[in-house]
Each structure stands twice: as C-alpha cells, then as structure tokens.
Amino acid sequence: MRRFTGAMTALFFALLCLLPAVALAAPVPQILGFKQKVMKETDGTPYLHCEIGLSAAPQYTVKGGGLLHPKRLLIDLTETSLGDLDSEIGLKGKKFAQQLESVEAGAHTYLTFTTVSPVEDGSYRVTIAEGKDKSQLKLKAPVILMVDIFDGPYKPVDRVNGVKDRVIILDPGHGGLDTGAIGPDGLMEKDVTLAVSLKLRDILVASGASVTMTREDDRDVFPGGAQTDGQELQARVDVGAAVPDADIFVSVHCDAFTSPKANGTGTFYYPKTWQDAALAQALQDGMVARGGRRDRGIKEARFYVVRYSDMPAALVELAFITNYIEQAMLADDEFQRNLALGIAEGMSDFFAARR
Amino acid sequence: MMGLLMLAAGCEGTLTPPAPKSSGGSGQPPTVVQPGEKPGTKPETPKPAEKVTIKLYYPDEEGEWLVGVPATFAAEGRYQAAVEALTAGTEEKGLIGIFPPGVKVRSVTVKDGVATVDFSRELIDKFVGGSTGEEMLVFSLANTLTEFPEIKKVRITVEGNRPDTIAGHLDSSAPFGRQEKLIKKK
Ligand SMILES: [Zn+2]
C-alpha cells in the first residue's frame with residue numbers, strides 16, 4: 001500500500017511538470033465579462049447561475065468548504081488575467097451567495113464566492129463551456145466558466161424512461177379531515193401518502209410525463225369536505241375522468257392492521273380489464289425492488305377509486321403504518337424517495353409492456 | 001367467554017342470543033323470532049331446539065389469511081350469536097379479533113339470502129383502518145355468515161345506515177359475497 005502511494009505521488013508530480021508547458025503553448029486567458037441570474041432546475045429547485053466569460057480556456061482548481069472557511073468557494077484560475085472585472089460584485093438572490101471577490105496575484109486569478117450555506121458536495125457546480133453561443137445569459141466570450149450555487153446540497157430528481165407524454169393521475173390517499181390510519185407514534189397516513197406522491201410527481205414530470213394530482217396539500221378533495229365517504233372517493237375519480245386521454249390512475253396509501261405484526265408492501269386492483277392486474281403487478285414489483293419490504297403480492301378488491309376509474313388503476317400500499325419498524329421507515333425521506341422511484345419504474349415497465 | 005356474555009348483556013333493545021353450547025349453558029333458549037325469519041316455514045331452517053356448527057373466520061396476525069374456527073350455536077338466534085362471537089375476538093394462537101373494541105351487534109336480519117348486520121358506530125369510529133384491515137374485517141364477517149347455507153351475501157349497516165366504506169377504501173354500498181380466496185388452505 002505504501003509503495004503504491006509513493007508511485008502515485010511520483011506520477012502526480014510528473015503530470016504537474018507537464019502542465020506549465022501546456023499552458024504556455026496556449027494564449028493567456030483573460031476574463032472578458034460577468035453575468036448572473038437566479039435560475040431553476042427542471043424540478044423547480046432555484047440556484048444562482050454565474051457566468052465568467054474568458055478569451056481562452058484556463059487551467060483551474062476549485063476549493064470549497066472546510067472547517068476554516070465553510071462558506072467560501074474559491075476558484076483558482078492558473079495563468080489567467082483578471083482583465084477589468086470588478087474586484088467586488090454583489091450577487092443576486094440573497095439566499096445563495098453574498099458576493100464575488102476577484103483578485104489577480106502571481107499569474108493566478110482567484111475568484112472567491114462567499115456563500116450563504118456551507119459549501120459541500122452538491123451545493124455548487126463549476127463547469128467550463130467552450131464554443132459559440134454556450135452562454136445562457138447572452139455573454140459574448142469564446143469560453144464560459146459557469147458557477148452554479150444552491151442554497152444547500154442539491155440532489156437531482158431521479159428520472160425513468162418510457163413515461164414521456166404519458167398522462168398519469170396520482171391520488172394521495174385520505175387528506176384533510178380524513179387522517180387515514182394512524183401509527184403507534186402518531187404518524188398519519190394522509191401525510192405519508194402526500195409526501196410520497198409529491199416525490200413521485202417530481203420524478204414523473206422530470207421524466208416527461210403529464211401528471212394531475214387529486215390533491216397537492218392536506219385537504220379533502222371534495223370541495224369544502226364531503227358529507228359522505230362515497231362523495232369524497234367519487235371526487236377523486238372525477239379528477240381523473242376530467243383529464244382527457246389519461247392513461248392510468250394510481251392511488252397511494254399506507255396499509256394498517258389490528259395486529260402490529262402485519263408488515264410489507266402490497267397492491268390492490270379491480271379487474272375491469274386485463275390491464276388493471278398488469279399495472280398492479282408492475283407497481284408492486286417496482287416498490288418491492290426499491291423499498292425492500294416483504295412482498296405481499298397483488299390482490300383483487302372492490303376498492304372504490306380503482307373500481308370506478310375509467311382507466312387502468314391500482315391502489316398501492318407502501319408499507320404498514322401500524323408496524324413499528326415500517327412506521328419509522330414511512331416517515332423517512334430516503335425511504336419515501338425509494339418508494340416513489342419504485343412506483344415510477346413500475347409505471348415505466350407497464351407502459352413498455354403495453355407498447 | 002365473559003366478554004361475550006357481557007357484550008350480549010350490553011345489547012340494548014336487541015335480542016339476547018343464547019349462549020354457545022361450549023359455555024355449558026343448560027335449558028332451552030328462549031323462543032324468539034329473528035326479524036325476517038319465520039321458523040318452520042322453510043324446509044332448511046333448523047328447529048329451535050337444534051344446534052348448528054359453523055366456522056368463525058378470524059384473520060391471522062399477519063393480515064394475510066382468514067382461518068376458520070369451529071363454533072356451535074343454538075339454532076334459534078344463531079346469526080346474531082355467531083356475529084357476536086366473531087366480534088368478541090378469539091384466544092386461538094396466531095389469530096386475532098379484527099373488530100374494534102366496544103362495537104355492538106345491534107341486529108342481524110336475513111332476507112332473500114342477504115344477511116344485514118347492523119353495528120354500533122364504533123365499527124367505523126374505533127377501527128384501526130387500512131386496506132388490509134378493512135378487507136379482513138368485511139370478509140371475516142361475510143365468510144362467517146355465508147357458512148349458513150341460507151345466507152349468500154352480507155350487507156353491513158351502521159346504526160341503520162348503509163356506509164359507503166368502513167375505512168375509506170372498500171366500496172361497501174353493495175352486499176359482499178363469500179371470498180374463498182382469503183381462506184387459508186390447510
Ligand atoms: Zn388508506
């Protein structure tokens with residue numbers, strides 16, 4: 001191991017010696033301009049997008065975070081001229097970074113961003129784009145150094161194939177006055193079904209699907225709260241019926257049982273057509289693969305929303321909120337993401353088989 | 001068994017069912033006529049003094065299967081007695097009572113092959129819920145009552161009203177038939 005490290009160090013220095021030769025051969029890069037704008041990822045996550053225009057591509061290193069300067073992102077441009085860039089620039093959006101300080105010293109130009117959140121993996125992106133019209137802000141320069149700063153670590157939304165242009169109805173179970181089942185520590189089914197459904201929506205929308213939800217916050221779907229359970233459930237069916245060319249209806253629930261021993265993931269369907277069982281099986285397989293809980297299989301049942309939806313429909317049971325272990329998992333952001341991804345992958349498989 | 005007797009005693013304004021045979025009760029059960037039931041008019045109706053043995057279906061602890069447990073009732077008032085025994089729960093190992101605590105069986109009436117079981121509001125208000133819970137509750141009842149050959153379907157009412165669902169999933173607006181698929185095969 002020690003000998004290997006030594007060899008690596010030797011190699012590293014050998015490469016270092018080559019670098020100045022490369023830099024000398026190219027023209028000295030010079031900063032030509034700066035532009036900034038607050039932009040949004042496809043999932044709606046905002047970030048500050050900065051562009052530094054350069055005459056040529058520079059060698060550069062990025063240092064960020066650490067104990068001493070947790071909120072400092074330093075870009076060290078080797079053999080680069082500062083040009084007439086302002087030494088202090090205030091930055092837009094307030095919640096991403098406060099200012100950019102630029103200084104030229106000893107043939108280096110140092111760009112220092114003072115960020116609002118600590119600099120860590122995923123909280124920033126530094127990239128170089130070469131060639132005409134690479135700027136997203138109409139900055140005229142042959143080379144653009146792009147610096148994106150988020151207000152915390154950004155994890156891009158997962159995507160799946162094969163759902164592009166599909167029309168999907170998502171029904172987060174219960175909501176408003178109807179809490180759904182309640183776990184031993186008080187976790188409410190209606191909150192879990194909404195959290196997972198919103199994550200699922202983000203995945204599907206990022207993957208090109210069109211998604212309509214029966215509810216996007218904690219409420220009854222029937223306006224003002226229904227008089228009967230039938231009205232409330234029919235209101236959910238009606239949301240799907242009002243969407244032209246809707247492909248599938250998926251209702252998201254947590255299971256519950258009188259004995260805390262019951263556990264696992266299951267899916268219910270009503271056999272209106274052969275596609276209902278196929279959809280249920282695909283979603284079930286996706287959830288079990290990603291969630292890793294016991295496979296309770298698919299079951300035929302006279303459940304209102306899947307019976308009366310005029311399209312292939314399934315009601316997924318993520319896990320048992322009445323089981324101590326699964327209650328804790330259902331409250332966990334990572335488990336919710338995994339289940340959402342599993343359902344999205346199941347939809348992808350269903351559409352692929354139907355094509 | 002105490003629970004069953006107390007529950008039966010607590011049924012206001014409804015017929016008190018005779019105690020099951022296993023309790024060792026002596027003497028004839030009172031001659032009462034269930035609503036919608038006319039003893040002696042149908043050939044399959046047992047005589048009042050006779051006893052009938054059926055299976056009560058309880059779910060297992062995992063909520064996967066319904067398991068039949070034999071129980072014997074006096075023919076007279078057998079429907080209500082069976083439902084009350086079912087709602088009282090079970091001591092059988094690995095099985096559970098799915099009905100919520102405090103629920104009362106207000107009446108059981110049978111007409112044209114459909115049994116209508118009227119429960120107190122605890123059935124919905126105190127139920128833990130869940131798709132699996134709801135399915136197991138409904139079919140523990142439907143499978144138990146369809147043990148009687150004259151009953152083909154079971155309708156659930158709560159304090160006289162027909163609920164759309166018990167826990168928000170299962171469409172309870174129409175009566176339920178027997179679900180053989182849920183019964184654990186030995
Ligand atoms: Zn539910």
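Reminder, nothing fancy here: chain letters follow the sequence lines and each chain counts from 1.
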Would you check if the side chain of A:Arg302 reaches a backbone N or O of B:Ala174 as a donor-acceptor pair within less than 3.5 Å? yes
Taking B:Gly63's backbone N and O only, do any of them form a donor-acceptor pair with A:Arg296's side chain (distance below 3.5 Å, no angle check)? yes
Does any backbone or side-chain atom of A:Ile321 lie under 4.5 Å from a heavy atom of chain B? Answer side chain, backbone, both or neither.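 When you check distances to chain B, no heavy atom of A:Ile321 falls under 4.5 Å.
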Between A:Thr228 and chain B, which part of the residue has a heavy atom less than 4.5 Å away: side chain, backbone, both or neither?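 When you check distances to chain B, atoms from both the backbone and side chain of A:Thr228 fall under 4.5 Å.
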Under 4.5 Å from any heavy atom of chain A, what part of [X] do you find: side chain, backbone, both or neither?
| X | answer |
| --- | --- |
| B:Leu137 | neither |
| B:Ile98 | both |
| B:Glu135 | side chain |
| B:Phe99 | neither |
| B:Glu64 | both |

Sort by residue number and list every residue of residues 255-265 of chain A having at least one heavy atom under 4.5 Å from chain B.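 When heavy atoms of chain B are the reference, residues 255-265 of chain A contributes A:Asp255, A:Ala256, A:Phe257, A:Thr258, A:Ser259, A:Lys261, A:Ala262, A:Asn263 within the under-4.5 Å range.
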For chain B, which residues of residues 279-295 of chain A have heavy atoms nearer than 4.5 angstrom: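 The residues closer than 4.5 Å to chain B, in numerical order, are A:Arg294.
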Applying side chain to side chain contact (heavy atoms under 4.5 Å, CB included) to B:Thr132 and A:Phe268, what does each step give before you reach the verdict? CA-CA 10 Å; B:Thr132 294; A:Phe268 291 88; 4.1 Å; yes
What do you reckon, is [atom1] of [X] surrounded by more than 12 foreign heavy atoms closer than 6.0 Å?
| X | atom1 | answer |
| --- | --- | --- |
| A:Asp238 | CG | yes |
| B:Lys93 | NZ | no |
| B:Asp125 | CG | yes |
| B:Arg121 | CZ | no |
| A:Asp333 | CG | yes |
| B:Lys153 | NZ | no |

Working to the nearest 0.5 angstrom, can you tell me the gap between B:Ser173 OG and A:Tyr304 OH? 7.5 Å
Using 30° and 60° as the class boundaries, would you call the ring planes of B:His169 and A:Phe303 parallel, tilted or perpendicular? tilted
Considering only heavy atoms and a distance below 4.5 Å, find which of B:Gly133, B:Ser131, B:Pro59, B:Gly129 pairs most often with chain A. B:Ser131
For residues B:Asp164 and A:Asp229, report the shortest heavy-atom separation together with the two atoms involved. OD2-N, 3.6 Å
Going by heavy atoms in the side chains, are A:Glu300 and B:Lys181 under 4.5 Å from each other? yes
For A:Tyr270 and B:Asp171, what are the C-alpha separation, side-chain angles and deciding distance, and is it a side-chain hydrogen bond (donor to acceptor under 3.5 Å, both in side chains)? CA-CA 11 Å; A:Tyr270 186 79; B:Asp171 175 13; over 6 Å; no
